[in-house]
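Beneath this line is the structure, given in structure tokens, with notes to follow.
Below, chains carry the letters A, B, ... as their sequence lines are ordered, and counting in each starts from 1. Basis for what follows: all heavy atoms, side chains included, without hydrogens, waters or symmetry-related copies.
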Protein chains: 2
Amino acid sequence: MVKPITLNEQLCFAIYKAQKQYNHFYAQALAPFKLTYPQYITLLSLYEHGTMSVKQVGQTLELDSGTLTPLMKRLEKDGWISRKRSSEDERRVDVSLTQKALDARDEIFEHVGSCMELMNLPQSEYDRIKSEVTRVDEHLSAIADDAYPQV
Amino acid sequence: MVKPITLNEQLCFAIYKAQKQYNHFYAQALAPFKLTYPQYITLLSLYEHGTMSVKQVGQTLELDSGTLTPLMKRLEKDGWISRKRSSEDERRVDVSLTQKALDARDEIFEHVGSCMELMNLPQSEYDRIKSEVTRVDEHLSAIADDAYPQV
DNA sequence: GTCCGTTTCATTGTACACGATTATCTTGAG
DNA sequence: CTCAAGATAATCGTGTACAATGAAACGGAC
């Protein structure tokens, strides 16, 4: 008799559901700016690091160009970023924030910050959970693809 | 001066990344069975609760029919489940496991279990993190949609 | 029994996520 | 200078997510 695997005992399912709740949270919090969560973290990375290539943005977000290219085309269409091929290395596409994005920064940060207060989670607990979830992430990414048992 | 929001200080980003790592983990672990993670948790729910309507499956997974219908069509095509409209209430579609799915249960559970051991996370820690992530989920879902500040 | 609101599922459209392939450019070897 | 190798983006195909809409069936009020 093999021990049953039940949904609510699974850490993966807890994380899966929390991530969906966060999506809903940011859908609400970002609605005034017509931004999705992946678009928001793309802007966050650009606010933090300044102009970067698509490759570099992908490294900060752990996303590849297949995901980022269409996402960034939408950000460009909506006037948040501009993309132009680097003159030094024409393989690169440099992504930079527009004036609109720079002007909106404080308003976005303040609004998102006030939404986060609704969560009502003390900073100490927030930080502890963050570091523990990060540990889970690290444990998972430490597994080499060829370590998985064969059938 | 508004306090900057940086990616790596965000709990949402930690959860977002952990969820992606889990996707990768299950992509590897479930590859022998040609199942995706959402398909796997659908089967988990059916192993746990037996035959259910689409609606009931959706309640256990917190997914709607727009997500489940195409997912289940693939599960049906691959021979894991069968779907048939209920004769008692013809609005309902009852989803049940095929003999193939019942026969494969132990093998799937054992294989996934041995993959989880690669994660190398003590049970006590696993459980604590799960309950803390669940608390985050609950704090987020407690926020009413009309509580978000206006702009 | 008819009407009307609700429930249930399916469909459509938008938006990621990611593997695989392709196109283009840069660079270095000869 | 030319060409092959490698890097970088873009493109394509599949699979979720989810909101909004539609259609069919149910159930209660009258």
Side-chain angles (χ1 to χ4, degrees), chain A residues 12-13 15-28 30-31 34-43 52-59 61-78 81 83-95 141 145, chain B residues 12-13 15-28 30-31 34-43 52-59 61-78 80-81 83-95 145:
Chain A
C12 59
F13 191 54
I15 290 177
Y16 174 79
K17 286 194 296 184
Q19 207 260 328
K20 285 201 295 181
Q21 280 300 328
Y22 253 126
N23 263 340
H24 180 75
F25 170 84
Y26 277 104
Q28 301 293 317
L30 298 172
K34 297 201 199 313
L35 288 168
T36 66
Y37 179 69
Q39 290 170 348
Y40 167 69
I41 60 175
T42 302
L43 292 185
M52 283 185 291
S53 70
V54 173
K55 172 81 169 181
Q56 287 173 311
V57 174
Q59 283 168 343
L61 304 181
E62 298 178 16
L63 293 173
D64 71 359
S65 71
T67 300
L68 285 175
T69 297
L71 185 159
M72 285 179 169
K73 281 184 178 175
R74 283 184 285 270
L75 280 178
E76 188 177 39
K77 181 171 66 61
D78 296 341
I81 64 171
R83 298 184 306 149
K84 82 167 196 303
R85 206 159 277 278
S86 163
S87 49
E88 294 143 29
D89 183 343
E90 300 216 356
R91 293 170 302 183
R92 286 211 321 263
V93 169
D94 286 334
V95 184
S141 63
D145 281 357
Chain B
C12 59
F13 191 54
I15 290 177
Y16 174 80
K17 286 195 295 185
Q19 207 261 330
K20 285 201 295 182
Q21 281 299 329
Y22 253 126
N23 262 339
H24 179 76
F25 170 84
Y26 277 103
Q28 301 293 318
L30 298 172
K34 297 201 198 312
L35 288 168
T36 66
Y37 179 68
Q39 290 171 349
Y40 167 69
I41 59 175
T42 302
L43 292 185
M52 283 185 291
S53 70
V54 173
K55 171 78 169 181
Q56 287 173 311
V57 174
Q59 283 168 342
L61 304 181
E62 298 179 17
L63 293 172
D64 71 0
S65 72
T67 301
L68 285 175
T69 296
L71 184 159
M72 285 179 166
K73 281 185 177 175
R74 282 184 284 272
L75 281 178
E76 187 176 38
K77 182 172 65 63
D78 295 340
W80 296 103
I81 63 171
R83 298 183 305 149
K84 83 168 195 301
R85 203 159 280 276
S86 162
S87 49
E88 294 144 28
D89 183 340
E90 299 216 357
R91 292 171 303 180
R92 283 210 324 262
V93 169
D94 286 335
V95 183
D145 282 358

From [atom1] of [X] over to [atom2] of [N], roughly how many Å is that when rounded to an integer?
{"X": "B:Gln59", "N": "C:dT8", "atom1": "CD", "atom2": "C1'", "value": "11 Å"}
{"X": "B:Lys34", "N": "D:dT14", "atom1": "NZ", "atom2": "P", "value": "15 Å"}
{"X": "A:Arg92", "N": "C:dA23", "atom1": "CZ", "atom2": "P", "value": "24 Å"}
{"X": "B:Glu76", "N": "C:dC9", "atom1": "CD", "atom2": "C1'", "value": "14 Å"}
{"X": "B:Leu30", "N": "D:dG15", "atom1": "CG", "atom2": "P", "value": "15 Å"}
{"X": "A:Tyr40", "N": "C:dA15", "atom1": "OH", "atom2": "C1'", "value": "19 Å"}
{"X": "B:Phe25", "N": "C:dA17", "atom1": "CZ", "atom2": "C1'", "value": "19 Å"}
{"X": "B:Tyr22", "N": "C:dC18", "atom1": "OH", "atom2": "C1'", "value": "20 Å"}

For [X], which contact category applies under a 4.0 Å heavy-atom criterion: base, sugar-phosphate, or nothing?
{"X": "B:Leu63", "answer": "sugar-phosphate"}
{"X": "A:Asp89", "answer": "sugar-phosphate"}
{"X": "A:Ser65", "answer": "base"}
{"X": "B:Leu68", "answer": "nothing"}

Nearest non-hydrogen partners of A:Phe13 and B:Leu61, listed with the distance: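 Of all heavy-atom pairs spanning A:Phe13 and B:Leu61, the closest is CZ-CA, 4.1 Å.
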If each of A:Asn23 and A:Pro70 is mapped to the nucleotide of DNA chain D with the nearest heavy atom, which maps nearer the 5' terminus, i.e. the 5' end?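 Residue closer to the 5' terminus by nearest nucleotide: A:Pro70.
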Position toward the 5' end of DNA chain D (nearest nucleotide), A:Gln56 or B:Ile41: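 By nearest-heavy-atom nucleotide position, the 5'-most residue is A:Gln56.
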With respect to the phosphate group of D:dA17, does any side-chain polar atom (N or O) of A:Gln19 fall under 4.0 Å of OP1 or OP2?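 Answer no for this pair, as no side-chain N or O of A:Gln19 is under 4.0 Å from OP1 or OP2.
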Counting just side-chain N and O atoms, does B:Lys73 come under 4.0 Å of either OP1 or OP2 of D:dT14?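 B:Lys73 to D:dT14 OP1/OP2: no side-chain N or O under 4.0 Å.
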Please state whether the rings of A:Tyr37 and B:Tyr16 are parallel, tilted or perpendicular, taking 30° and 60° as the class boundaries.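 Ring orientation, 0 to 90° scale: perpendicular.
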Given A:Val93 and A:Met72, is the side-chain contact (heavy atoms from CB on, under 4.5 Å) satisfied, shown in steps? CA-CA 11 Å; A:Val93 169; A:Met72 285 179 169; over 6 Å; no
